[in-house]
Visitor: 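One structure is given below, represented as structure tokens, and several questions about it will come after.
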Amino acid sequence: DPDKQIIRGRALAVLQQELGTIHDLASRCPKRAVTGGKWKPRILSSEMERALRWVGQQGIPVVFNDRNALDVLISQNKRRTFKELHHKEKKMSNHCRRGTSPNELRSCLAEHKTRGTLNTTDLVEQLEVVQKQQERWLDTLKASNVTHFHMHYEDWAYGTEESRLAHLQEVANFVSRSLGRGDFRQVTVEDFDVMFLPTTPTRQDDTLTNFDQVAQTLRSTPFRRLLKDYTNM
């Protein structure tokens, strides 16, 4: 758990260890154009800032991926709801993997259809917290001189295949340029791992039992822009 390691003051050590693992993987797979990893800590402590300064000093390129703040709360709430329904004895799977048995796949996809209820009493305050966290991460990357590319989850998770590939082409070009190789070749569907099935609904009202109440709460605030239907992106 990256958050626990950061609390223990080991963010830099853990990050260096992860990069060592990635380097070993890259050496075993020389045909791969780029090898990278995903790190998803939620706590931005002074120790984490030190780790990011080290990343900047090493010239390691970073793709910073943020998400619609309302969708972040919906996703977190869905997982809490699922855990409560199973009396905290079962945790929702992160992904639904292709190649598993039909029963396992049906069960996994059903888990991700869990609908939760957002507390609208302090919803605006919760959204402000999420948004400020994302802004602080981005500001820290800049202050740490980390070579980074800012992308949005919605750009590559929804929309037409053509539009999604265009956004991913930008990411591939950024990484390739950061490594001094110029633009990456044309990105195709075959370049990407299709091991996992999509589990995120394109409509927010498909994941909430009280979407109308949420919409009514936000329509008179600046956060009304977060009310989205991704079906026709």
Side-chain angles (χ1 to χ4, degrees), residues 1-27 32-80 83 91-92 94-95 118 122-157 167-181 184 200 221-223 225-226:
D1 185 332
D3 288 339
K4 290 180 181 178
Q5 298 295 346
I6 291 169
I7 291 171
R8 294 170 185 158
R10 297 190 63 244
L12 179 55
V14 172
L15 179 58
Q16 290 171 332
Q17 180 181 350
E18 292 295 322
L19 288 169
T21 302
I22 291 169
H23 182 270
D24 290 342
L25 176 62
S27 64
R32 292 193 179 197
V34 175
T35 304
K38 176 181 177 182
W39 207 26
K40 195 178 178 181
R42 292 180 294 273
I43 299 172
L44 183 51
S45 63
S46 58
E47 170 67 13
M48 189 66 219
E49 290 176 351
R50 187 167 79 93
L52 289 178
R53 286 196 296 273
W54 179 85
V55 169
Q57 292 164 0
Q58 301 302 311
I60 301 169
V62 170
V63 177
F64 175 68
N65 182 32
D66 67 8
R67 188 177 185 183
N68 179 326
L70 178 59
D71 290 336
V72 171
L73 294 182
I74 290 173
S75 178
Q76 293 172 349
N77 179 266
K78 179 174 72 172
R79 293 182 177 279
R80 280 196 300 269
K83 205 167 184 179
K91 184 180 178 181
M92 180 182 287
N94 289 326
H95 305 284
L118 280 182
D122 62 345
L123 181 57
V124 170
E125 288 78 8
Q126 289 185 63
L127 290 170
E128 287 174 344
V129 169
V130 174
Q131 188 165 283
K132 285 178 181 177
Q133 285 176 337
Q134 293 179 343
E135 290 171 352
R136 189 180 169 207
W137 275 104
L138 192 57
D139 289 343
T140 304
L141 286 170
K142 294 175 181 176
S144 303
N145 293 317
V146 174
T147 301
H148 64 279
F149 181 90
H150 184 192
M151 71 178 296
H152 307 289
Y153 175 87
E154 297 78 22
D155 289 339
W156 60 266
H167 288 297
L168 291 170
Q169 182 75 57
E170 289 183 312
V171 176
N173 287 343
F174 157 74
V175 174
S176 186
R177 289 172 192 157
S178 300
L179 299 174
R181 302 175 185 173
F184 195 73
T200 304
T221 76
F223 292 113
R225 69 183 187 282
L226 302 181

Visitor: With a 4.5 Å limit on heavy-atom distance, are the side chains of Trp137 and Met48 in contact?
Guide: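 SC-SC contact between Trp137 and Met48 confirmed.
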Visitor: Could you check whether any side-chain heavy atom of Leu73 comes within less than 4.5 Å of a side-chain heavy atom of Leu123, counting everything from C-beta outward?
Guide: yes
Visitor: To the nearest 0.5 Å, what is the distance between CZ (Phe64) and NZ (Lys142)?
Guide: 10.0 Å
Visitor: Which heavy atom of Ala69 sits nearest a heavy atom of Leu226, and at what distance?
Guide: CB-CD1, 4.1 Å
Visitor: For the pair Glu154 (side chain) and Asn68 (backbone), establish whether a donor and an acceptor sit closer than 3.5 Å, ignoring hydrogens and angles.
Guide: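 Yes, because the side chain of Glu154 sits within donor-acceptor range (under 3.5 Å) of the backbone of Asn68.
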Visitor: Please examine the side chains of Val72 and Gln134, heavy atoms only from C-beta on, and report whether any two atoms are closer than 4.5 Å.
Guide: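 Yes, their side chains come closer than 4.5 Å.
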Visitor: Any donor-acceptor pair under 3.5 Å linking the side chain of Ser176 with the backbone of Ala172?
Guide: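 Pair absent, no side-chain N/O of Ser176 close to backbone of Ala172.
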Visitor: With a 4.5 Å heavy-atom cut-off, do Phe174 and Met151 have their side chains touching?
Guide: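 Of all side-chain heavy-atom pairs linking Met151 with Phe174, none is under 4.5 Å.
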Visitor: Side chains of Leu70 and Leu118: closer than 4.5 Å at any heavy-atom pair?
Guide: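 Side chain of Leu70 against side chain of Leu118, heavy atoms only: contact under 4.5 Å found.
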Visitor: Give the minimum heavy-atom separation between Arg79 and Met92, together with the two atoms involved.
Guide: NH1-O, 3.3 Å
Visitor: Decide yes or no on side chain to side chain contact (heavy atoms under 4.5 Å, CB included) for Tyr153 and Thr200, but give the supporting numbers first.
Guide: CA-CA 11 Å; Tyr153 175 87; Thr200 304; 3.2 Å; yes
Visitor: Taking the side chain as every heavy atom from C-beta outward, state whether Val124 and Glu128 have any pair of such atoms under 4.5 Å apart.
Guide: yes
Visitor: Would Val130 and Arg67 satisfy side chain to side chain contact (heavy atoms under 4.5 Å, CB included), going step by step from the backbone distance to the final call?
Guide: CA-CA 10 Å; Val130 174; Arg67 188 177 185 183; over 6 Å; no
Visitor: Can you list the steps and then say if Trp54 with Ile60 is a side chain to side chain contact (heavy atoms under 4.5 Å, CB included)?
Guide: CA-CA 9 Å; Trp54 179 85; Ile60 301 169; 4.0 Å; yes
Visitor: In Å and rounded to the nearest 0.5 Å, what is the CZ to OG1 distance from Arg177 to Thr147?
Guide: 13.0 Å
Visitor: Any side-chain donor-acceptor pair under 3.5 Å between Asn65 and His152?
Guide: no
Visitor: With side chain to side chain contact (heavy atoms under 4.5 Å, CB included) as the test, would you mind laying out the steps for Phe184 and Val175 before giving the verdict?
Guide: CA-CA 8 Å; Phe184 195 73; Val175 174; over 6 Å; no
Visitor: Does Ser144 reach the main-chain N or O of Val146 with its side chain, forming a donor-acceptor pair under 3.5 Å?
Guide: no
Visitor: Nearest 0.5 Å, what's the CG-CD distance between Leu141 and Glu49?
Guide: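 Answer rounded to 0.5 Å: 10.5 Å.
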